[in-house]
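Numbered from 1 within each chain, the chains take letters A, B, ... in sequence-line order.
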Amino acid sequence: MKRYNPKEIEPKWQDEWNKSGIYNAIDFDPKQKFVMLCEFPYPSGTGMHIGHIREYTVGDIIARQKRMMGYNVLFPMGYDAFGLPTENYAIKNKISPIQATEDNVSNFRVQLESMGFSIDWTRSFKTSDPDYYKWTQWLFLQFFNNGLAYQEEIAVNWCPFCKTGLANEEVINARHERCDTLVEKKLLKQWLLRITDYADRLISGLNDVDYPSRIADQQINWIGKSKGAQIDFKIENSEHFIKVFTTRPDTIFGATFLVIAPDHPLVEEITKPDHKKQVNELIEQVSRQTDVERQENKKDKQGVFSGSYAINPANKEKIPIWIADYVLMGYGTGAIMAVPAHDDRDNAFAHKYELPIKYVVEPVSGEAKQNEVKKEAIVVALRNPKTNQYLILNWGPRKERYGGRLLIGGGINQSESLEECAKREIAEEIGFTNVKLVSALGYRVHSHYFSNVVNKDVYAVISGMLYDLIDETTQETQLDEGEKDKFKLEWMEEDSALRSIDDKAHLHIFEALVKNNVFSGEGIISDSGHYDGMSSSLMRDKIVSDLDAQGSAKEKVNYRIRDWIFSRQHYWGEPIPIIHCPKHGAVAVPISDLPVELPKVDHYEPTDNGESPLAAIDEWVNVPCPVCGGPARRETDTMPNWAGSSWYYLRYFDAHNDQAFADRSKLDYWGSVDLYLGGMEHTTLHLLYSRFWHQFLYDQGLVPTAEPYAARRGQGIILGPDGSKMSKSKGNIVNPTEIIDSGYGADSLRLAIAFLAPYDLTSPWSPESLGGTSRFLNRLWTLVHEFNNQDGGISESIELKQVINKTILKVSQDLEQLGFNTAIATLMECMNEIYLIKAKDSYKSVEWQWAIETLLKLIAPFAPHITEELWHEMGNDDSIHQSEWPKYDKKYTLIDKSIIAVQVNGKLRGDITLANVNASQDDVMAAILKDEKISKYITDQKIDRIIYIESKLINLVIK
RNA sequence: GCCGGAAUGGCGGAACUGGUAUACGCGCACGACUCAAAAUCGUGUUCCUUUAUUGGAUUGAGGGUUCGAUUCCCUCUUCCGGCACCA
């Protein structure tokens, strides 16, 4: 018998497929289309890594199965070729980036083919092809012509290692995501794309696509929409207003000062002469700070008083204007109203500079009920300073509406001060008389609860206080006889008290007093004129509309996302197709002159001065203005490497069109991508950028769909065998080419990688699993060869039909949900069972022929080479990959006998087997009583209840 | 701090809308074949107890709902990812 040798059969079939072109997609085919897209690779010098293999293997499995299911599948591949790594690689090796790209691309192509991916190579391209980037430039001009691409001088994130400006999305923890270098700020004139105009659409569009919530949430998070109000505060003795953005306009009566950013345009205007020195010092100090230092100094906020005051438009009060580093010019309006009572940062700042704190929101717990008894009350946290413990009253087990552990509390008597009340309650309930007030909560707490003392619903407005116990001598308590034993006293440390207090209002008071928490939640408005008593959510709408009526506020939505910085100061990218004319400003390069090709030069090293290396090439830079023909200069910045990938999927629909980025009829046919696989790290980069481009193109009527990708799945990272991220320095990199060459072959690798874990899960690579998958393929090989060598014997096996049909059902279901690991497990199980069946009987028959061919088809998407080989060895002439996906026969997937689990009081005590599928409860009970092993658990017991789940389980409840 | 996700044998992981936890694979142990090894095949493999039978425990921890919870609810711990002086 011939041995299974992947090295022999895999290249053979790869060649065969290449020649026959069976994987090429057909435009306008009447079959239903399916676009299976995987993120195209960046052709680096190091070749493909295992992460690529995972993504493309999974994409290939789906593409192959969909093809067998009768879809017209487009499974394309290209190369994301522009960008820094190639440029750096070329500089280092002293070759041109064009050459470096060619070399790397052909290397990738060989690797991709060695995996047997069913890619339509006729539609392949790389983003650095002038034929391709012509259209990237053309699309950029659509943005430009619609005012969505603009130039501005701004402080950009500058990577000193890569010597280029970066988009916010490329900066992770103040470092460049590619090279991990700390970024600096540099003032440069940059091209930007107005992605902020699409912020809302990028959020709402997520409702129309099938993305996992972790991806959608991350994008929503990144866009950072927050609803609030913009409020104008008039500067005293000035015509100017300071606009502040706040999400909590309901707290405006608590605004005791304003803070503006050090780089706010009004700083000079409001700074009084005798404050100038301090203000300038602050500005200088802040400007020296790097982002990292700013992060570190977060806790210690620096600020100075400007000397000016503003008028709070809500109550016309005069409040000081401060300048401080914790307010950022880059978000909102660069100015805030500070409400130290209800904001952590403002609170810290107010404490540091001794600014007033005014409470205007009071928390509420419980729900208001009809006919509540309203009362004023106090709650006291009593501390023993010697032991640092707090007194808790234990009112017995916590019931639905009363009991549990509480602080000391009680109602306030008429004409009694809070302190008198507190002292009285402590004395009455506990008996301590020598206590001292430590602090009182600045606001009250509203609590709706049920009192079992008066047997009524109570609405208490509670003042909280913290007392120290000075003298532990106990005096007789003055409780009534009945009340005495109602609670026990417990002394607790702070932590256990926080965990033990059962009532929300008491807990809030305790936490606020002991931990000095700032209350930033919702509640009831107080100390705010005629708004008192409103809920904060109602107040929020009311105050904005009232102030709006005076013209000093309006509703406002703010976004965290910034416009996309689109300039790069590098050679290896698409030139931005703009010509700067002294008379006409920035002028678009006419379409007939596209593409603006990169000049072929010897030196293209980046510069330190923020200028692109292209700026030094005079003969390329100096061109006539397309409008007036006068002397003008080309834009010398290039596009980021996210440009080419923002629309590449559309190009696959019509890859070689030189009249348009793609023909409209082909765009209409292929529509949007049906399934898009890619890395989680692109969620707020490429995935967001390309959705933005696509939405814009849709608005321009250039594409037929509103969203580019109907469904997206993010892939988990494959870690090194040691469980940590693969990296050169750790030496734990797994090289796919080595695995193929070692003799396991592509099929074993494909199986191992798909079997490893669910696609979206990060998990470590285990080299041993290749042994398992390769054993599985060997068993398949043996099965078919033994079958082919049999001569005669007839077998009719219901069992065989059942096994195969159940496998068809399960594998089809699993693939639908991208459950590759469980699909393979099912196939392995199927193989095990087939071996058991075949051991019982000779198996040359029509039925076995069908069973084995079906099994081959089910395995074909996972292991395309070996199945194609065996398919042909069984006498088929066509390709298995063009055969039809098997359908299951329902008759053989149903259960034909029942094994019923028997539980007694929920504990498994055995099982009984009945021939009848729909056995009644009485049948089952009869069988149980006959079964000694099980019935011993129920003899002499009264069966209280029987729960019977047909053909599955019976549970006998015994008292 | 905020938003996601996760926690199941020695390891990767499985379990549909609550219904026999640990499928499948790896690893390990023993056996067969072999002079021997590898490969292959067979058997076993959650843990504790026991020679075995048996019994008991078990899905990060604690509580709840239920006849029954890996699955639902509450509290907490740890880990991973994202955001973060965002007003």
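Within the structure, salt bridge (charged side-chain N to carboxylate O under 4.0 Å, His left out) pairs that include any residue of residues 806-831 of chain A comprise K810(A)-D814(A) (at least two apart or interchain).
Here the separation of G60(B) from U78(B), taken at their C1' atoms, is 8 Å to the nearest Å. Rounded to whole Å, the separation between the C1' atoms of G1(B) and U8(B) comes to 31 Å. Nucleotides G55(B) and C11(B) place their C1' atoms 30 Å apart, quoted to the nearest Å.
Rounded to an integer number of Å, the gap from W781(A) CH2 to C41(B) C1' is 20 Å. To the nearest angstrom, C1' of A39(B) lies 11 Å from OH of Y744(A). Distance, L751(A) CG to G12(B) C1': 16 Å, rounded to whole Å. Between the CZ atom of F776(A) and the P atom of U40(B) there is a distance of 15 Å, given to the nearest Å. In this entry the distance linking CG of D217(A) with C1' of A6(B) reads 15 Å, nearest Å. The interatomic distance linking R945(A) (CZ) with U66(B) (P) rounds to 10 Å, in whole Å.
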- Message: Please encode protein proximity along nucleotides 25-32 of chain B as a string of B, S and -, counting only heavy-atom distances under 4.0 Å.
- Response: SSS-----
- Message: I'd like to compare against my own output: the B/S/- annotation of nucleotides 53-61 of chain B with a strict under-4.0 Å heavy-atom distance to protein.
- Response: --SSS----
Atom pairs under 3.5 Å: protein N/O with N/O of nucleotides 14-19 of chain B:
unit_1: A14(B); atom_1: OP1; unit_2: N821(A); atom_2: ND2; d: 3.2

Protein-nucleic acid N or O pairs under 3.5 Å, nucleotides 78-84 of chain B:
unit_1: C83(B); atom_1: O3'; unit_2: R560(A); atom_2: NH1; d: 2.9
unit_1: A84(B); atom_1: OP1; unit_2: R560(A); atom_2: NH1; d: 2.6

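V259(A) comes within 4.0 angstrom of nothing in the nucleic acid, heavy atoms only.
Judged purely by distance below 3.5 Å, without hydrogens or angles, the side chains of S552(A) and D232(A) never pair a donor atom with an acceptor atom. S226(A) and Y331(A) form a side-chain donor-acceptor contact under 3.5 Å, judged by distance and modelled atom types alone.
Nucleotide G9(B) carries a syn base; the chi torsion (O4'-C1'-N9-C4 or O4'-C1'-N1-C2) is within 90° of 0.
Shown here are the side chain to side chain contact (heavy atoms under 4.5 Å, CB included) partners of P764(A), two or more places apart in sequence or in another chain: L719(A). Every ring-ring contact (aromatic ring centres under 6.0 Å, His included) that F349(A) has, sequence neighbours left out, goes to F257(A), W322(A), Y326(A), Y353(A). D250(A) pairs by the salt bridge (Lys or Arg N to Asp or Glu O under 4.0 Å) definition with R248(A), R540(A), not counting sequence neighbours. With sequence neighbours excluded, the residues satisfying salt bridge (Lys or Arg N to Asp or Glu O under 4.0 Å) with K225(A) are D200(A).
Listed in residue order, the members of residues 335-350 of chain A having a heavy atom less than 4.0 Å from RNA chain B are I336(A), R345(A).
Counting heavy-atom neighbours within 6.0 Å of E555(A) CD, excluding the residue itself, gives a total of 12 or less. At most 12 heavy atoms of other shown residues, nucleotides or ligands fall within 6.0 angstrom of atom NZ in K725(A).
Under the 3.5 Å distance criterion, the side-chain polar atoms of N732(A) are matched with a main-chain donor or acceptor of S727(A).
The residues R713(A) and D210(A) are annotated as salt-bridged, a charged nitrogen and a carboxylate oxygen being separated by less than 4.0 angstrom. Taking 4.0 Å as the cut-off between side-chain N and carboxylate O, K515(A) and E494(A) do not count as a salt-bridged pair.
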Distance-only donor-acceptor hits, side chain of residues 767-775 of chain A, under 3.5 Å, sequence neighbours excluded:
unit_1: S769(A); atom_1: OG; unit_2: S766(A); atom_2: O; d: 2.8
unit_1: T773(A); atom_1: OG1; unit_2: S748(A); atom_2: O; d: 3.1
unit_1: T773(A); atom_1: OG1; unit_2: L770(A); atom_2: O; d: 3.2

- Query: Can you give the dot-bracket line for RNA chain B, where a pair is Watson-Crick or G-U wobble with both atom distances under 3.5 Å, crossing pairs use [ ], and | marks a partner on another strand?
  - Reply: (((((((..(((......[....)))((((((.......))))))(((......)))..(((((..]....))))))))))))....
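Residues Y4(A) and H785(A) keep their aromatic ring centres 6.0 Å or farther apart.
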